[in-house]
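Here's the structure we're looking at; comments come further down.
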Amino acid sequence: MTQDELKKQVAAAAIEYIKGVPIVGVGTGSTVNFFIEMLADYKNDIEGAVSSSEATTERLKNIGIPVLELNSAGDIEVYVDGADEVDPRKKLIKGGGGALTREKIIAAASKKFVCIVDESKCVDVLGKFPLPVEVIPMARSYVAREMVKLGGQPVWREDYYTDNGNEILDVHNMEITNPMEMERLINDITGVVTNGLFAHRDADIVLIGKGDKVETM
Ligand SMILES: O=C[C@H](O)[C@H](O)[C@H](O)COP(=O)(O)O
């Protein structure tokens, strides 16, 4: 199977989790894009979706799914999103597409976070994928120096702004053996909006596209 076929397969498996759910939280990225396409068949069964990015909002609107504000939606029953890395404890790195902050907010406000990945995302230790850190623009260099102290090599995602008007540092060479502690340490740096570690609010279920099967973690 190609990587896209694996993504489609795992997106289809996630559809089972949104049946009967009034408001669905929808993540961002190439895997979730397949899920959004499939959600079109269920648009008459749901009230709407809460979106984690402008890109996802556009896709949802294009297929006629009402996009609701999180502030008026209350708790979300199910949030479906991809990830850049997943460890055996369902801790994640996210934010390759820059949507980490809104994704983290919706994940926090959701009762169930269903993460959909192909097998290439599974690792024993997080950190091979550069860890995205969203920063207030004026704090970028300061945060970068602090990230060096934490053992990483930050690279500025130049000419890129998040949906929140902030900038991203992609931090290379992190071997994250304690994701809970690292998430907190980075978020404690002044000027950091949030980082791409989803350790405190991790995934409840990870669906992994592997060969011609979908494994559930
Ligand atoms: O900001 C982007 C998100 O965190 C994505 O969920 C993550 O980057 C995975 O995206 P993809 O499904 O395209 O690999």
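Counting starts at 1 for both ligands and their atoms, in listed order. Small disclaimer: the values here were computed from a predicted structure and weren't measured.
- Figure legend: cation-pi geometry between K94 and F198, with NZ or CZ positioned under 6.0 Å from the six-membered ring centre and within 45° of its axis.
- Residue pairs meeting the side-chain hydrogen bond (donor to acceptor under 3.5 Å, both in side chains) criterion with at least one partner in residues 146-157, sequence neighbours excluded, are E146-K149, Q153-N173, W156-E167, R157-D170.
- Heavy atoms from other residues, nucleotides or ligands lying under 6.0 Å from CG of D124 number 12 at most.
- Protein neighbours of ligand 1 below 4.0 Å, counting non-hydrogen atoms: T28, G29, S30, T31, D81, G82, A83, D84, K94, G95, G96, G97, G98, A99, E103, K121.
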Evaluate the side chain to side chain contact (heavy atoms under 4.5 Å, CB included) criterion for residues D202 and F113: first the C-alpha distance (whole Å), next the side-chain angles of each, then the deciding distance (0.1 Å), finally the verdict. CA-CA 8 Å; D202 53 6; F113 175 7; over 6 Å; no

Can you check side chain to side chain donor-acceptor pair (under 3.5 Å) on D118 and S120, steps first, answer last? CA-CA 6 Å; D118 62 82; S120 70; 2.3 Å; yes

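- Here the CD atom belonging to E103 is positioned 8.0 Å from the OG1 atom belonging to T56, to the nearest 0.5 angstrom.
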